[in-house]
Structures are given as C-alpha cells and as structure tokens.
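Each chain gets a letter, A, B and so on, in the order its sequence line appears, and its residues count up from 1.
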Amino acid sequence: MKLIIAIIQPDKLEEVKEELYKKEVNLITVSEVLGHGRQKGVTEIYRGAKESGNLLRKIRLEIAVNENFVEPTIKAIINGAKTGETGDGKIFVLDLKECIRIRTEERGSLAIG
Amino acid sequence: MKLIIAIIQPDKLEEVKEELYKKEVNLITVSEVLGHGRQKGVTEIYRGAKESGNLLRKIRLEIAVNENFVEPTIKAIINGAKTGETGDGKIFVLDLKECIRIRTEERGSLAIG
Amino acid sequence: MKLIIAIIQPDKLEEVKEELYKKEVNLITVSEVLGHGRQKGVTEIYRGAKESGNLLRKIRLEIAVNENFVEPTIKAIINGAKTGETGDGKIFVLDLKECIRIRTEERGSLAIG
Amino acid sequence: MVNSGDTAWVLISAGLVMLMTPGLAFFYGGMVRKKNMLSILMQCFIIMCVLSLQWVLFGYSLSFAPGKGFWGGFAWLGLQGVGLEPYADYAATIPHQAFMIYQAMFAIITPALIIGAFAERMKFSAFLIFTLIWATFVYDPICHWVWGVGGWLKNLGALDFAGGTVVHISAGIGALVTALFIGRRKNLDSNIPAPHNLPFVVLGTGLLWFGWFGFNAGSALAANGLAVNAFVVTNTSAASAGLSWALLEWFRNGKPTMFGAASGIVAGLVAITPAAGFVSVIPAIAIGALVSLFCFTAVSIIKPKFGYDDSLDAFGVHCIGGIWGALATGLFASKAVNPAGADGLFFGNPKQFLVQGLAVLITLAYASIATFIIYKLIDLFIGVRVPEKDELMGLDLTQHHERAYTVLE
Amino acid sequence: MVNSGDTAWVLISAGLVMLMTPGLAFFYGGMVRKKNMLSILMQCFIIMCVLSLQWVLFGYSLSFAPGKGFWGGFAWLGLQGVGLEPYADYAATIPHQAFMIYQAMFAIITPALIIGAFAERMKFSAFLIFTLIWATFVYDPICHWVWGVGGWLKNLGALDFAGGTVVHISAGIGALVTALFIGRRKNLDSNIPAPHNLPFVVLGTGLLWFGWFGFNAGSALAANGLAVNAFVVTNTSAASAGLSWALLEWFRNGKPTMFGAASGIVAGLVAITPAAGFVSVIPAIAIGALVSLFCFTAVSIIKPKFGYDDSLDAFGVHCIGGIWGALATGLFASKAVNPAGADGLFFGNPKQFLVQGLAVLITLAYASIATFIIYKLIDLFIGVRVPEKDELMGLDLTQHHERAYTVLE
Amino acid sequence: MVNSGDTAWVLISAGLVMLMTPGLAFFYGGMVRKKNMLSILMQCFIIMCVLSLQWVLFGYSLSFAPGKGFWGGFAWLGLQGVGLEPYADYAATIPHQAFMIYQAMFAIITPALIIGAFAERMKFSAFLIFTLIWATFVYDPICHWVWGVGGWLKNLGALDFAGGTVVHISAGIGALVTALFIGRRKNLDSNIPAPHNLPFVVLGTGLLWFGWFGFNAGSALAANGLAVNAFVVTNTSAASAGLSWALLEWFRNGKPTMFGAASGIVAGLVAITPAAGFVSVIPAIAIGALVSLFCFTAVSIIKPKFGYDDSLDAFGVHCIGGIWGALATGLFASKAVNPAGADGLFFGNPKQFLVQGLAVLITLAYASIATFIIYKLIDLFIGVRVPEKDELMGLDLTQHHERAYTVLE
Ligand SMILES: Nc1ncnc2c1ncn2[C@@H]1O[C@H](COP(=O)(O)OP(=O)(O)O)[C@@H](O)[C@H]1O
Ligand SMILES: Nc1ncnc2c1ncn2[C@@H]1O[C@H](COP(=O)(O)OP(=O)(O)O)[C@@H](O)[C@H]1O
Ligand SMILES: Nc1ncnc2c1ncn2[C@@H]1O[C@H](COP(=O)(O)OP(=O)(O)O)[C@@H](O)[C@H]1O
C-alpha cells in the first residue's frame, strides 16, 4: 500500500478529482497549503511596505491506495493538473505500512478503498 | 517509530483526544481537512446553481509514536472516533525513520515523547 | 529520498525559510496546524465558560529532499526554529519512495529540486 | 400638525431600530459555530420579512387600535384609517404611519431576541410558525396592554418608556421556556463551543448601541428635551454596564474580555430601555453598573448550575436585564425628568415600584405560559428540533443547503 | 425658506445613501472568491471617490442645470451658482447644495451596480475609464431627462420617484451588455464558485435595506407625509420580496436560503424605488411578492439557459426589478397617495402605464447602445479584460498587489 | 428656544460620531494580526465605556464649563446645571445636554486614535490608566482652550470647526510620542505583518466616512446651510484624498491598492475637519488631494526611514493630516462661506494663517510633553508593555483569554 501526496494548483482540483474518479479512486483527503517553489509569487505592498509574496496558495491531496492503483493515480493527477507551466506541483509517494477503517476496524488492503 | 495519520469526524476530536491522553499519548498535531469518501455530502445551492457538496469537513491527526505505542494509539483513536456510520474515517500508519526534538536536538525514540 | 515534516512555532517561519534558502533548499510546502504538546496553552474563557486552550497554533513544513540534503535541511530548521523553550517543535523524517514533477513528469531525484 | 423636525427624528429612529435586527444577527451569529452562522442570520432576516408584513396586515391593529380588551381589535387591519395625518393619542406631531412603522421595528426585534435560546438546533419551519404565532399572541397583546390606548397595564400606571416589559422581559422569559422545552445541544459537555467569530459579535454590539439611540430616544416620538434625556442616559448606562462587566471578569477570572464588555454593553442598553424617559444621568450609571452584576451572575453562575442551554443567553441578558430595568424605573423615576411620568421609590413614591413589580410579574406569567403552549402545539404537529444528524452537520447545510464560508477555492 | 427639519432629513438621507455603496461593496464582495474580494471593494470605493469629484465639477450641472436638450448644460460647472439658498424648482425648503449632495450619492451607486457584471475579470484601468465615461454619457443625460428641469421624459409625465429607470434600469441593462461584451469567467463550468463569505453578503443586505430608507423616503426631499409613505412601502416591499424569494426556493429546491432571502430583499427594494412616492402599502406587498418571482426566474432559470455570465446578477436583479417597478408604478400609482403624482392603470388611467412603458424602453435602448459603444472604444485602446493568468491568480494580487486575508501569520 | 429640526440633526449626528469608534475599531483591527484583533476592539470599546462616564462625571465640566484658565472648572460636575434647556453660548436652539452628548463622542474617539501607535504590544491595564489620564489632562484642557467659553486659543481667533487641533493633532502627536516611548514590535524586520483582514479595514473606512458627516456637518449644531456646506466639503475632500492616494501608489508602486485608497479617504476626512465650516468645495478638492501626498510620504517614506513603529500610522495620518488641515483652514477660509468665521491667506488675511500655525504649535508642544510625562509615570509604576512571550503569543490570548476566530470546530 502507498500513501500518495500531491501538491497542485488550486484551480486544478476539480479536474484532478474528475480524473481520479474515472480511475475509480474515490477516496481522497484535501487541504489548503502554501507553497514555495520555482513559480514566482506577486509582491504584496501594504502602505508602501513590500512583502515578497513567495508563498502561493496550493492544494494538497492525500490518497492512500493499493499497489495496483499507484500508477493509475499518478497518471490521473498528472492528467488533471498538468499545464506545463511552473507551479504545476509535485507528487510524493510513501510506503503505507498499515491502514485501518475506523468504522469497521478492517485493516490492510480492504480498508483502503 | 511510526507516524500515524488519522482522518476523523470534526465533532469527534475531543473524544479522541481524551482517549489518547488515557493511553499517555499526549503529543499530537491537528489540522482541518476536507474529505471525499463514501459518506454522502449535502448539495449546496447558490441562487439556483447546484454544487454537489462532495467535500466534507474532517479533522486530520498526525501522531509520531514509538513501536510499543502504535497499537494503543490505534485503539484510542477507534474508541474515540467510531460511531459505525460511514464517514468515521481512516487511520494510516507510516514508517518513521527519524525524529528530532528541535528544542533539545535529541533524536530517535526519546525525541518522540 | 526523504520527506521531512517539521512542526515549528508560527513566528519562526521566516527565519527557518531563510536558513533553508542558505542551504539551497528552496522548495517547501507550508500549512497551518494546531499542536498539543508539552507547551502549556492559555485557558480561554467565554462568558465564564472555561476552555483549556490546549491546542496551540503551529506551522507545518513539508520538504522532500535527496539523501545528501537531509542533514543540512534538519540543521537549517533547527537553526531557524530553536529557542530552547518548550514548544519549539519536532522534525519527522520519512522515506520517500517516489517523487514526480507534474509539469515535466520527471521522476526520482531530479524531480525533487 | 406635522412637525418636520419630529418627523425626521422618528423616521431616522425607525431606520436605526430596523438596523438593530441585522446588528443582532451578527451579535448572535458570531457566537455560534461556523456551521450554524447562516441559520442565525436567516432567522433574523426572515423575521424582518414576516413581521413587517404581519404588522401592516394585522399586527399593528391588534397592538394599537383603540380597545379595552385583550387586543386592540381589528379596526386598523391592513392599515385602514392609518394615514399620513397625526393620530394625537400616540403622537400629535408626526404622521400616524410614522408611528406605525417605528413600532413595526419593535415588533420585529422582539421575537428575534428569542433566537438566542434555540440557536443551533431549531427546525426552520417550526421556527417560522413559532415566530408568527408568538408575535401575534404574545407580543401584540402585551404591547397593547402597556402602550395601547385603553391598555389596562397602561391605565394601571405602569411605566415602560421603550420596552422593558413589552420587548425584553416578554422575549427573555420566552427564551427561558424555549431553552427548557427544546433541551440542550448535543455533546455540549465534551466541548463548550467557542464563538466562531468574535469580531462579528463586536460588530453587532456596535450596531446595537448605535441603533438603540433610535430605540430609546426615538420613543420620545419628537426631537425634544425628552429625546435628549433618553439619548444621554442610554449611552451612559451602556457605558457603565460594559465597564462593570469587564471589571467583574477581571476580578473573577483574572482578565477582562471583549466578549464580556460586549455582553455588558447590551445588558446596559436593555436595562435602561424602560427607564430612559424617566431617569437622569446619575441613576443611569447605577442602573448600568448593577445590571452587569445581575446578568453576569445569571449567565456564568446560575446557568451552568441549573444546566439549561440558553445558548446565547437571551434569558440571562434580556429577561434579567429587563426585570432590573423595569424595577429600577420604579426606583429612580422622577417627575423632574419627565412631568408626564411619575416619581419612583427614591423620590417618595413606593407605589410606583409596586406597580412596576406587578407589571413585571404579569408579563412573566403570561409570556411564559403562552410561549409554552405555542411550543407544545408546534411540537405536536411538526416537531421543533432538527434530527441529531443534522445538528451535528450544522443547520446551514441541512436547513438551508448553503455554507457561510468557502474552505477551499 | 430653509426648513431645519427638512434639511436634517435630506442630510441624513444623503448619508444613508452614501452608506449604500459600502453596503453594496460587501453585498457583492461576499459573493466573489477570496482572491477577488478586494477588487470589488476597491471598485466600489474608487467610484465613490471619482464620482464625488465628477459630480461637483460637472456631473451635477450636466444632470440638473436647467435645459431642454440632451444634457442640463454647463451653467453649474464647479457648483457655480449652486449655493446654500433653496432652489425651488428642485426643493423649496432645503439649501440647494443639500439637494446636490443628496443626488451625488445616486450618481455614485448607479455605476457601482454594474460591477456585478464584470466582477472577477475586469482590468482596473479599463474599469476606471469606463465608470467615468458611463456616468457622464449614460447616467447624467438619463438623470436629466427624468428629473431635470426641462427634462423631456419628465415633461412626458413619466413617474420615477427615486430612480427605477434612472438608476436600476440604466445600470441593469448596462450590466447585461457588460456580461455579453466581456464574456464568461474562466473554467466556470468545472466549478461554479460559491460565495466566499455569505455573512458579508448579509451585512451588505442589512446596510442596503437601512440606506434605502434614505434613498426612497429621502426622495420626498422633506420630512413630511410623503416621506413617511415612501418609508413604509419601502420596508413593506423589501419584506414581501425577501419572503417570496425564500418561499420560491423552498418549493423549487427544497430549502430556503439566506442568500436567496437577501437577493429577494434587494429585489424588493429595487422594485419599490420608482413607486415609493406614488403607491400605498397593499400594492407594495404585491410589488414585492412579484418582483422576486421575476428576478428569481431571470437569475436561476433564464441566465443558466442563455449562459451569459452576469456574475453577481446585476442585470437579473436591478434591470428586471427596475422594469417591473417602473411598470408597477403605472399600475398602482394613485393620486390619493400623492396628489402631485398620477393615477395608474388600476386607478383608471391606462395612459400612465403606457408612459411608464415608453420611459422603460427609451432607457433600455439608450443605455444599452451607449454602454456597448463605450466598451468598444475602451477595448480598442486598452482592452477591458485581464489576462487569463491574472484571472486565475485573482485580481487582488494582480491588480492591487494585496491580499484580503492572511493565510499564515 | 429648542428647534426640533436642529435637535434631530444634532442627536443623529451624535449617533453618527458614536458609530465612528466601532468604525475605527474595525479600521484598526483589520490591520493587525489575527492574534491581536480582539485587543484592538477591546481598547476601542472600553474607551467608549470609560470616557462616556468620565465625560458626564467631570470631563464635560473640565472642557466646557465657562472659565478663563487651564480648564473649564468644576461648575458642571456630574452635569449639575446641564439641563434640557439650550445653553446659548454653545448652541441656542438645542437642549444643553444634546450639545454635551454630542461633544462626548469627540472625547471618546480622540484617545482611541492613539491605539494605532501602541497596537499589538500595550499592557491592557496600562492602556486603561493612560487613556483616562490622557483624556483628562490632554484632551479636556485643549478642548477648553479651543472651544470652551473663555478658552484662550478661541479668543486668539484660532479656527477649528470640528477638531483638527483638538482631536487629530493632539491624538496624532500623542501617537508619535507613544511609538517612540514604547518601542518597536518584536521581530518586525524578519516579517512586516500584513493586515489580517483588509475587508474589515474597508468596513471601518465606510463607517468612518458615514460617521464623519455627523462629525463635521453636526458641528454646525443646527440643520442649516453651514451644516450643508460642511457635509459637502467633507465628502469632497474624502473623495479627492482617496483618489489621490491611489494614484500616488499607482505611480510609485505600479498598482493602486484598496488599503491605500482607504488610508487616503481617512486622511482626507481628517484634513477637512478643521476647515469644513469655513471653506468651499473647490478648496476642499485641493485640501484632499494634498493631504494624501503629505500622509503618503510620512507613512511610506519617512516612517521606514526613521524606523519608529507607529504601527497603524496614527501619527502619519492624523497628526500630519490634522496639521495640514489646520493650516489649510488658514489658507482657504472665507467669510463668504461662513460670516462667523474669518478670511484666510488666499482671501487677503495672512494673519489667520499665522494664528492657525500658532495653535498648531501650541497643541503639538503641550500634547507631546504631557503625553510623555503620562507614559513615564505609568511605566514607573506598572510598566506599559507586555512581556515578549505574551507579545509573541498575541494580546487576545494573553490579555483577554479569548480568541477572535475559532480554528477548528
Ligand atoms: N521538494 C519539495 N518539497 C516540498 N514541496 C515541494 C517540493 N517541490 C515542490 N513543492 C511544492 O510544489 C509547488 C510547485 O512547485 P514549483 O517549483 O513552483 O513548480 P514546478 O513543480 O512546476 O517546478 C511548490 O509551491 C511547493 O508547494
Ligand atoms: N484511501 C483514502 N485516502 C485518503 N483519504 C481517505 C481514504 N479513505 C478515506 N479517506 C478519508 O476518510 C474520510 C471518511 O471516509 P468515508 O469513506 O466517507 O467513510 P468510511 O471510512 O467510514 O467508509 C474521507 O472523507 C476521507 O477524508
Ligand atoms: N509525537 C508527536 N507527534 C505529533 N506531533 C508532535 C509530537 N511531538 C510534538 N509534536 C508537535 O510539536 C509541537 C511542540 O511540541 P512541545 O512538546 O509543545 O514542545 P517541545 O517539542 O519543545 O517539547 C506540538 O504542539 C505538536 O504540534
């Protein structure tokens, strides 16, 4: 099992979700984050005081999947989020040792989906 | 060492915290996330425009523990968060390679607690 | 490759960022979290009703790095965030199995930076 | 004869009192959890809609049409005969409809006060029916008794300048009945919900203070010395009560809070309401300072002790504050301030104090019983409380299919 | 001779109407996405600045200086000859400048209404130029025709008490032209953006309702019975429309919403605007109840069908509501309410209804064509819409280099 | 003899000025970090409470009781002899208490302006004591000198229509002394904190603009031509300054900002305050346009250069703006506008300009020294600044044990 973390552009969430559903990846956790990367931010100015606005709004996805779903999930995220512009984001894949569904206390692969 | 991530219902946070403290798991990090899963959301309507409200508010817990605390922590979360209704959430367990306490620069097991 | 997660004091973010840039760690993801730990919170009182304010505002950093960057990154975070007071926070290091840059679909080490 | 200055004053006062209900919406709305914010705002604004209509259609007639009985009767239904000429028995220098619309704003805010008691768990449909019936069978009669031509409490000599009994006690005791009838919110013990947005509470407080000048000074129904007196004592009592609540917290909890000061300000405004046209500035300081003591005790000592869930303290602030205000009028009232008024106990007229007490008791008795009966009936037919699942998910999503704030975008 | 009561009323009314633009700023601002909040507020406040100056420098002269032609002419440029003595042709009991500044507030809010159509995608520079030209070449002439001494629509006998045609139809149709000209926002289909802060929308609604008393009752230009009538019907129509919109949603979507009630309230205020000084309370209920039916249909059925992106429904609410109000004036107007007015169709004078219809058509025709030409010109020179990249990142950061809310601290 | 129109106008003006302090609370509150939001609101509202009481008990007497000395003396303590009959020396057509309560609102907002200088780091207890002493020993005397019967600056012929010296210069220079005395906020260099909620800043701006009509036009103390003139120039100056600040930013930083426009609007309102009853509309445009130039320079060039932490620019906007306004009065004042006033330099009376300059210098000198002494004393006894730990955690939690917004629920 793997835990896939993806950082994407805020306005790409809908498309990524649609792509994921197509691949039958229906269970996801989403949160709002700020990212600093290659993409340049806009300088903010408050009463003359400049702030290098180097933190940009991004969306963070967290998706636990079984091995056979890893590649499809990655593909789906890329299909939904890729524009070719800097700022598209990243996907991180981690090993998932255990997964438990609280409602049923099931464990492992069948708890994932 | 393990890093335990749990997604629970917002109104279960207090109970889960109490359960965790009982098991002497006192150090936790909490954040607000949105989840999409089996649990159905409510459709939102703004001036006639419908939005399938498929993202529900959830709470995300992040807890780093030593091996001997893994099962107690899982139990505690289940005790606090389980209602048997869809939407109760999931627990994910990851391998934690290293842990550092910034204040003391201690590493490993003793930095966890 | 490793995924480094750090929980720091809110007012330390700027200093930590500067330290990271010095070490040429320029790509980071930041989010706001609440933490419960040794540091005591302030009790909140609303019309006489007390609330043990045991959740304190913290900043969460997520940084994916190549092996040779792990130690420098940890050092940088400590340099920026350490005050010696309880509440300084923690650093967690996880194994990162794969990393993909969405824009280029590059994978592995070169996708990290 | 219509006087332009008086008319201007009553019209702008009507506007100010109208603004109090949106003010109340934010005062209350800021106190609840995010997931119930819109339900509070909606309840306040729907009340503004429904009761504005009820008032012109029959509410005004029931409340103010001349009559000696339970109600003012039906002579003025649909504002028949309520024209643009003055109606001297109520106000000799402004168009009759100016008085009518000014009073409409009082009829609106009164039931809105009760929202504080059933916040976060009332079914919207039940709320709507409750409001309409309550306004008609509780507010309109009491209003007639106290202010209407031929009203029997008026004839009894009870003083209520701007609505201590009519508005605050009737709604406040209604709130207590509500809290007892509808019961506590779910898992209240595991976590007492903190106000989700205190700046909104403060915004509401500011608008209420501002609007209350129209509420009290407008009740002079003319731009004259009496209005000025009401204006001055209103501001003084609010200030005195705000400070006194903050100091009470300071001594008792170690720190004064903004939420506390805001609560005190509102309590001070409530307490001075019945007295504004009868007392002078120094008594106003006392009235304000003491009301915070009473309300603070009710809210943070008595309420937790008895465990009723008067969620936003509509009873604790408005009923307690209103009672104190009505009685204080019986203590501090002075003909020196208002010859048309009466002297109170401290000015050698104990009878007035007793009359005030009597008016309070009658209002408490009638409003509580009537409110209970109304709930019983509604509960019988459609039920007053939302299912637990909806309560947990929040009323905004479940009752209105909308969310106050976006989380992601 | 200056009357102090009338002057007080017109001055405070001017203040109330001024407050409507900040109210509109929050009403609109709460509907957009976080990233565009400040752009809406900025557009509203810059309009307050720019048009206040335009008005005293030449706008007032173009609109109100006596004259039979397209404009009122230049006699009063820089307020020459506009002094502190009454100018009887407009208002005999208040200083001329009081009338001038009261009208200034109308000139400000009218173009601000159009913001609802180009929200979230208009270039700030283009917006600024558009506003100035539109106010000068669309608002000022129409204002002169309908209200100015010698205005030809006025001479025609068209009734518009407080700005149904002048304000709401002109801005509302301008909004439709805007939406068609500037086009839809980016990826609107993948996700319809939810209002980022509905409590702000409600705050705006409250301020608009409050301010509208000045807008309509102030238009009597005196604190008299007429003002009172306008005040009463304004409140009644708002209430009736707010309730009716909520009920429509209830039947159609299963639940009433706060956003819907707020939309209805504003629609009700729009519809009663031209009628406020001519109709009585019962017709006001009908005007309000029906306007929500029309606007609700326009907003949630017609708009999606045709797919134009009138983002915040400036056309759907103000143009539709304004048309209905202008026609309703032709139906319900009665000399019994205002002898200086006229009787409408239902009071035996069909001619009035036709005149109203004519005035509507002329306003629609002129405003739409003029608005289109203005856009064409601006687009030619500097372009009206921001680049897609900026639209995605949001106007706050890209047009103003600032953020409405901090995310981390 | 009491005039109902004038009384209505002064009462509503008092209400409007009262509303300015909540407006200021949001204007300032939106600028600080989340963790300090409530501390700002609390400071503003506690000032409303404390000074309302100080004023009726002794502040009004010290300020306005007839007397030639440092103060107005104690004749009117507890409002003895301040009744509901007019007091002709101040206002012949309204009840004396109407004048008193109207002035109370000025006494409240003045110290509240200083909050901008010690925001985010002042101890609440020290703040409370400071405010009370400052109001008594700085505001009350200056108020007496300039406006009181027998006040020596008044006799000198200094013109200050609505409080340029009394309100803005005294508080503004007090703010500079504050900033220098209390020192910079912690780690300001690593990150300049961005305003946590600019929409609240804008809300405050809207309420301030609205309230300022009462502040300036109300100062005519009658609903007459003078009030109208003040109303018109107030609106014009605010507009001119708001636009001018935005344009300055546009040229200097590439983009105009909402925060900038809001700052300009307030600066324009400050500058016109002393002049509102003496200048006409065209000069008002100049006064507004230039004040933004001066304040913008002070705020975004001088302040960073010298490095004092006038956190929310109370000095940069109110002192600089107030000085310019007072001097501009000496330039643009004209008897044509107000026969009771004087001609300024541009109308052939250079002396007036010198008198204005003198009044400014005296106010600056006295207020700065007195403010410094007050801080020294308080610092000696209890200390003015919170411990660093508390400053980092935020004043809401550490000074008031509450949080403005819930994070999780
Ligand atoms: N190594 C990394 N660790 C953590 N977050 C990262 C890393 N690299 C990228 N990110 C996240 O991805 C976002 C996009 O990265 P950026 O460099 O701007 O564009 P691109 O990935 O297209 O080069 C960043 O804002 C940041 O949030
Ligand atoms: N595979 C997954 N990956 C990421 N998050 C998940 C996953 N499965 C569940 N979740 C989170 O858990 C929440 C609850 O899951 P849901 O399917 O609604 O209920 P249940 O777990 O009881 O079947 C979801 O809203 C989502 O946030
Ligand atoms: N084992 C843990 N798991 C998850 N989060 C932790 C853990 N230990 C500490 N944290 C986070 O670090 C923050 C600081 O920890 P705390 O104990 O208060 O100070 P210190 O680390 O200096 O002892 C906590 O608020 C919490 O958010």
Side-chain angles (χ1 to χ4, degrees), chain A residues 1-8 10 12-34 57-66 69-70 73 76-77 80 92-113, chain B residues 1-10 12-13 15-16 19 29-41 51-63 65 67 70-71 73-97:
Chain A
M1 302 179 289
K2 292 271 183 290
L3 181 68
I4 298 174
I5 297 169
I7 313 291
I8 62 170
K12 288 296 175 188
L13 177 59
E14 288 306 315
E15 287 157 70
V16 170
K17 269 163 61 189
E18 280 160 30
E19 293 294 332
L20 286 168
Y21 300 163
K22 283 190 204 154
K23 302 275 171 58
E24 276 153 348
V25 178
N26 299 317
L27 301 143
I28 59 177
T29 299
V30 183
S31 62
E32 197 170 9
V33 295
L34 291 170
R57 290 183 54 245
K58 301 280 169 182
I59 296 288
R60 180 179 187 274
L61 299 173
E62 205 163 34
I63 313 173
V65 293
N66 288 314
F69 271 93
V70 175
T73 304
I77 296 170
F92 306 121
V93 183
L94 304 169
D95 247 328
L96 182 58
K97 285 274 167 273
E98 182 59 286
C99 170
I100 301 109
R101 182 194 311 279
I102 294 171
R103 170 166 50 91
T104 57
E105 303 193 32
E106 293 161 286
R107 300 207 170 197
S109 309
L110 32 79
I112 286 258
Chain B
M1 300 178 290
K2 292 271 183 290
L3 181 69
I4 298 174
I5 297 169
I7 314 291
I8 62 169
Q9 292 282 28
K12 289 295 176 190
L13 177 60
E15 287 158 69
V16 169
E19 293 294 332
T29 299
V30 183
S31 62
E32 198 169 10
V33 295
L34 291 171
H36 179 267
R38 274 190 189 56
Q39 186 191 4
K40 289 284 138 285
E51 284 196 3
S52 60
N54 49 28
L55 286 171
L56 304 169
R57 290 182 53 246
K58 300 280 170 183
I59 296 286
R60 180 180 187 275
L61 299 173
E62 204 163 36
I63 314 172
V65 293
E67 297 303 339
V70 174
E71 278 309 316
T73 304
I74 293 173
K75 288 266 165 308
I77 295 171
I78 291 173
N79 292 345
K82 182 173 174 178
T83 68
E85 302 275 317
T86 41
D88 279 356
K90 298 274 176 86
I91 302 172
F92 306 122
V93 182
L94 304 170
D95 248 328
L96 182 59
K97 285 273 167 278

Proximity breakdown for [X] and chain A, heavy-atom pairs closer than 4.5 Å:
| X | answer |
| --- | --- |
| B:Lys90 | both |
| B:Lys75 | side chain |
| B:Arg38 | both |
| B:Thr86 | both |

[Y] and [X], any side-chain heavy atoms less than 4.5 Å apart:
| X | Y | value |
| --- | --- | --- |
| B:Val33 | A:Glu62 | no |
| B:Asp95 | A:Asp95 | no |
| B:Leu3 | A:Leu3 | no |

Measuring heavy-atom distances to chain B, does [X] have an atom under 4.5 Å in its side chain, in its backbone, in both, or in neither?
| X | value |
| --- | --- |
| A:Glu32 | neither |
| A:Leu20 | neither |
| A:Leu96 | both |
| A:Ile28 | both |

* Asked: NZ/B:Lys58 to OG1/A:Thr29 distance, rounded to the nearest 0.5 angstrom?
  ->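 B:Lys58 NZ to A:Thr29 OG1: 9.0 Å, rounded to 0.5 Å.
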* Structure fact -> Separation between CD1 (B:Ile4) and NZ (A:Lys97), nearest 0.5 Å, reads 13.5 Å
* Name, in order of residue number, those residues of residues 98-106 of chain A that have a heavy atom at a distance of less than 4.5 Å from a heavy atom in chain B; otherwise write 'none'. => A:Glu98, A:Cys99, A:Ile100, A:Arg101, A:Ile102, A:Arg103, A:Glu105
* Carboxylate-amine/guanidinium contact B:Glu71 A:Arg107, below 4.0 Å -> yes
